[in-house]
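Note: hydrogens, waters and symmetry copies are ignored here, and every other heavy atom, side chains too, is used. Everything numeric in this text was worked out from a predicted model, so none of it was measured.
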Amino acid sequence: MDNNFCALYRVLREESRITLKQAANGLCSISMLSHIEKGIRQPDYLLRTRLIERLGVSTAGIINYLQPGEYEVWLKKNLIITYLKKEEFDTTKYLIEVLKKYIQDDDKISLQFVNDICGLLAFYENNIEIALEQYSKAVDLTMEGISSDNLNEYAISPVEYYLLVMRLKCKARLDRFNSGEIKSEYESIIRHIDSRAMDIDVKARIYPLVVTSYYSFLSNNQENITYTLYEAVDRAINLLIKCEKTYYIIELLKAKLEIAKAEKKDDYICADIENIIRELEKIFDILDISYTKIHICYFYEDENCQYIANIVRNRRLLKKYTQNELSEGICSTKTLRRIEQGTVDAKNGVLRPLLKRLCLPEGYQFGEIITSNKNTLALARKFRTALIEHNNFLQDDCIKELESLVDDKLPQNRQVMIKNQLLRDKQCGNISYKDYCNEIERAIACTIDFKNIINYAGGYVTESEIECIYAYACEALKKGDNIRVSSFKCFFERLIADNNPIRQPFESLIMRWLSATYAEEKDYKKSDHYAEISAWQELKCHRIRVAYQSIYDMAWNGIQRQEKEAANSKYCETLHQCRCISKFYKDEKAATFFEQKIIQVT
């Protein structure tokens with residue numbers, strides 16, 4: 001089955017009712033995008049990501065394998081964001097000048113990034129005129145001529161919405177701009193986002209930012225809260241609750257509190273809001289994270305990028321291929337060596353067969369199943385939802401349909417299908433532990449020899465393989481299978497030490513599993529270490545669920561150490577904190593768990 005990015009992109013674009021002109025505007029020519037959709041041309045990762053985001057489609061499942069030049073630019077951008085968050089502005093300015101030397105004149109997306117960072121630096125230094133100039137340039141690069149009157153003529157990505165908001169924030173700081181026009185622009189952007197069909201995690205990245213920015217503008221100008229904003233604050237909060245994210249959540253709750261007080265709502269409503277604000281702030285304080293700083297430039301933090309030279313070399317080592325064996329019938333050994341050294345770009349005609357031999361996805365898949373059929377992807381997501389909701393009938397229907405749609409000749413797809421059936425059987429209690437072990441090992445063996453995993457000494461492990469191993473490790477820990485638990489513990493610790501590019505949320509889940517394992521062994525120091533890292537990573541990525549669960553683990557470890565009164569007090573406080581947050585985020589299972597623990601303690 002064709003897994004070409006181009007084949008699926010056209011379907012998604014047409015379904016979104018976005019024209020070629022709207023999708024390509026400011027990024028590439030219409031003819032180039034037409035060639036991309038026909039598979040005649042392949043876009044680089046920056047263009048591909050922006051094209052997808054303009055459709056309102058999440059890029060979370062897309063892995064980008066970066067060529068040497070792309071990787072160099074990506075590293076420099078990440079370094080700039082790191083120093084910007086540290087507020088080391090002089091270093092940031094120096095790094096921007098270095099980055100400029102690597103950017104081509106026609107690379108509008110990278111030039112837009114440079115304008116954005118320069119604008120942000122000027123904004124922080126209170127040089128508002130310069131900041132406005134930079135943000136105006138950034139907007140014009142890909143959205144020339146855009147205004148509140150013609151927003152519907154444009155397909156806008158989250159990054160581009162953000163640039164529009166930053167331009168508005170600059171205008172709001174200058175007296176020469178009319179506040180009524182600024183208010184009108186904010187409301188136009190909010191209505192535009194509301195009217196679009198977007199994946200929930202895409203909307204969650206931008207909507208809270210727009211709403212909090214608009215609220216700040218009205219507050220600073222001592223203007224009355226508009227009905228548009230009143231509704232938007234609630235929608236933004238509900239959006240974050242639904243996808244368990246923390247983007248601007250504290251700022252939104254503070255806005256809701258002020259609105260509630262202004263409208264003279266019941267005292268208990270205000271008290272509830274104050275309580276959840278207080279508990280969320282405590283979590284950030286416990287982990288020493290500034291919830292305002294983590295919002296800076298989060299649009300550019302792309303954890304889906306991996307260096308093709310490292311991936312090919314490390315995967316080859318894990319599968320125990322020599323360079324001669326891997327390159328046979330595909331390219332010369334010399335070419336493979338140069339690809340692994342990062343001295344040449346891997347051409348598509350060479351890269352695709354190399355990835356296929358290494359049992360790796362081509363990097364353009366929109367989900368865990370490799371397909372160009374959007375209905376198959378939707379069905380896979382539906383199955384995942386059915387698992388979470390314990391809807392056994394829906395699970396059965398999804399698996400039957402998937403079996404007829406999925407190309408199981410691809411080893412990655414076979415792995416996913418075996419894993420899905422196994423998860424369904426386990427949830428229904430239809431499988432013994434012995435059979436579970438055999439089946440999960442069969443799933444892993446679709447793409448990698450299981451012995452290579454257990455005896456792991458370095459190499460690249462895919463996300464699908466990690467998910468299988470994590471599920472296996474959880475079941476082994478639950479059953480008290482100490483031999484397997486010990487093997488998985490060694491594997492996960494080597495994997496982390498080896499800097500294998502594990503994407504969130506799997507890294508946080510692995511950390512929490514290691515924390516639970518060490519707690520079982522009564523090594524509470526290491527257990528706390530992994531629990532704290534797990535919570536820290538989750539909040540850094542704007543996710544909440546694993547964060548409060550890991551904080552609970554740390555408090556529970558204090559009880560197990562028998563630290564008496566201090567631990568008991570901290571444990572009780574943490575239970576109430578976790579119950580409060582889990583109820584707010586409508587995590588009923590966790591809320592019930594914490595409620596039962598509170599009853600036991602009291």
Side-chain angles (χ1 to χ4, degrees), residues 314-315 317-320 359 368 387 411-412 414-416 418-423 425-427 431-538 545-546 549-550 553-554 556-557 560:
N314 293 337
R315 184 67 172 182
L317 293 173
L318 183 63
K319 290 184 76 71
K320 303 197 182 302
C359 292
E368 61 178 357
L387 268 179
Q412 298 96 323
R414 282 202 306 277
Q415 187 173 77
V416 171
I418 294 170
K419 177 185 67 182
N420 285 349
Q421 182 63 56
L422 196 55
L423 290 171
D425 290 343
K426 178 177 172 290
Q427 196 173 90
I431 191 165
S432 67
Y433 178 60
K434 182 179 178 181
D435 289 340
Y436 180 88
C437 295
N438 291 336
E439 283 299 292
I440 202 79
E441 287 179 19
R442 186 166 74 90
I444 295 166
C446 290
T447 56
I448 192 76
D449 189 337
F450 185 66
K451 290 179 182 177
N452 291 355
I453 295 293
I454 294 302
N455 303 316
Y456 179 81
Y460 174 62
V461 186
T462 70
E463 189 171 298
S464 179
E465 290 161 357
I466 288 171
E467 187 177 5
C468 288
I469 297 160
Y470 173 73
Y472 197 174
C474 288
E475 194 65 14
L477 184 63
K478 183 179 174 183
K479 296 292 184 182
D481 187 343
N482 294 331
I483 295 173
R484 285 190 171 93
V485 167
S486 178
S487 297
F488 290 129
K489 185 173 73 173
C490 291
F491 166 72
F492 285 140
E493 290 188 321
R494 286 186 203 139
L495 196 70
I496 293 162
D498 196 38
N499 291 320
N500 195 86
I502 313 167
R503 296 194 301 167
Q504 296 293 351
F506 285 113
E507 189 168 7
S508 298
L509 291 171
I510 287 169
M511 294 289 185
R512 191 160 183 251
W513 184 89
L514 286 168
S515 173
T517 304
Y518 278 111
E520 286 285 322
E521 296 171 3
K522 297 187 173 15
D523 187 342
Y524 298 114
K525 186 176 179 181
K526 278 193 175 180
S527 178
D528 278 356
H529 169 72
Y530 284 117
E532 187 172 358
I533 293 175
S534 173
W536 186 84
Q537 286 175 333
E538 280 294 283
R545 180 180 288 199
V546 178
Q549 290 174 337
S550 295
D553 292 341
M554 292 161 66
W556 176 247
N557 284 346
Q560 300 308 301

Please check: side-chain N/O of N455 versus main-chain N/O of K451, any donor-acceptor pairing under 3.5 Å?
yes
Please name the pair of heavy atoms, one in R315 and one in C359, separated by the smallest distance, quoted to 0.1 Å.
NH2-O, 3.5 Å
Evaluate T447 against Q412 for side-chain hydrogen bond (donor to acceptor under 3.5 Å, both in side chains), listing each step before the verdict.
CA-CA 7 Å; T447 56; Q412 298 96 323; over 6 Å; no
Donor-acceptor under 3.5 Å (Q415 side chain, C446 main chain)
no
Nearest-0.5 Å distance that lies between atom CZ in R442 and atom CZ in R414:
9.5 Å
Would you check if E493 and Y530 make a side-chain contact, meaning some heavy-atom pair closer than 4.5 Å?
yes
So how far is it from S432 OG to E439 CD, rounded to the nearest 0.5 Å?
10.0 Å
Measure across L318 and N452 and return the closest heavy-atom pair with its distance rounded to 0.1 Å.
O-ND2, 2.9 Å
Answer with yes or no after comparing the ring centroid distance for W513 and F492 against a 6.0 Å cut-off, counting only values under it.
yes
Flag side-chain contact, heavy atom, 4.5 Å: D481 against Y433
yes
Determine whether the side chains of Q549 and D553 contain a donor N or O and an acceptor N or O closer than 3.5 Å.
no
I448 and V461: CA distance, side-chain angles, deciding distance, side-chain contact (heavy atoms from CB on, under 4.5 Å) verdict
CA-CA 9 Å; I448 192 76; V461 186; over 6 Å; no
To the nearest 0.5 Å, what is the distance between OG on S486 and CZ on F488?
10.5 Å
Spacing of K319 atom NZ and N314 atom CG [to the nearest 0.5 Å]
14.0 Å
L514 vs I496, side-chain contact (heavy atoms from CB on, under 4.5 Å): CA-CA, chis, key distance, verdict:
CA-CA 11 Å; L514 286 168; I496 293 162; 3.8 Å; yes
Does a side-chain N-to-carboxylate-O contact under 4.0 Å join E475 and R484?
no
Closest contact, heavy atoms only, I444 versus C468
CG1-CB, 3.7 Å
Check the side chains of E532 and S550 for a donor-acceptor pair under 3.5 angstrom, ignoring hydrogens and angles.
no
Applying the side chain to side chain contact (heavy atoms under 4.5 Å, CB included) test to L423, which of I440, L387, I418 qualifies?
L387
May I have the step-by-step check of side-chain contact (heavy atoms from CB on, under 4.5 Å) for S515 and K526, ending in yes or no?
CA-CA 7 Å; S515 173; K526 278 193 175 180; over 6 Å; no
Quick test of your reading of the model: are K489 and E521 salt-bridged, counting only N-O distances below 4.0 Å?
yes
Apply side-chain contact (heavy atoms from CB on, under 4.5 Å) to K426 and Q421, showing your working.
CA-CA 9 Å; K426 178 177 172 290; Q421 182 63 56; over 6 Å; no
Anything under 30° is parallel, anything over 60° is perpendicular, the rest tilted; go ahead and classify Y472 against Y436.
perpendicular
If you take all heavy atoms of I466 and L495, which pair is closest and at what distance?
CD1-CD2, 4.1 Å
Nearest 0.5 Å, what's the CD1-OH distance between I510 and Y470?
8.5 Å
Heavy atoms, side chains only, cut-off 4.5 Å: are M554 and S527 in contact?
no
Rounded distance [0.5 Å steps], CD in E507 versus CZ in R512:
15.5 Å
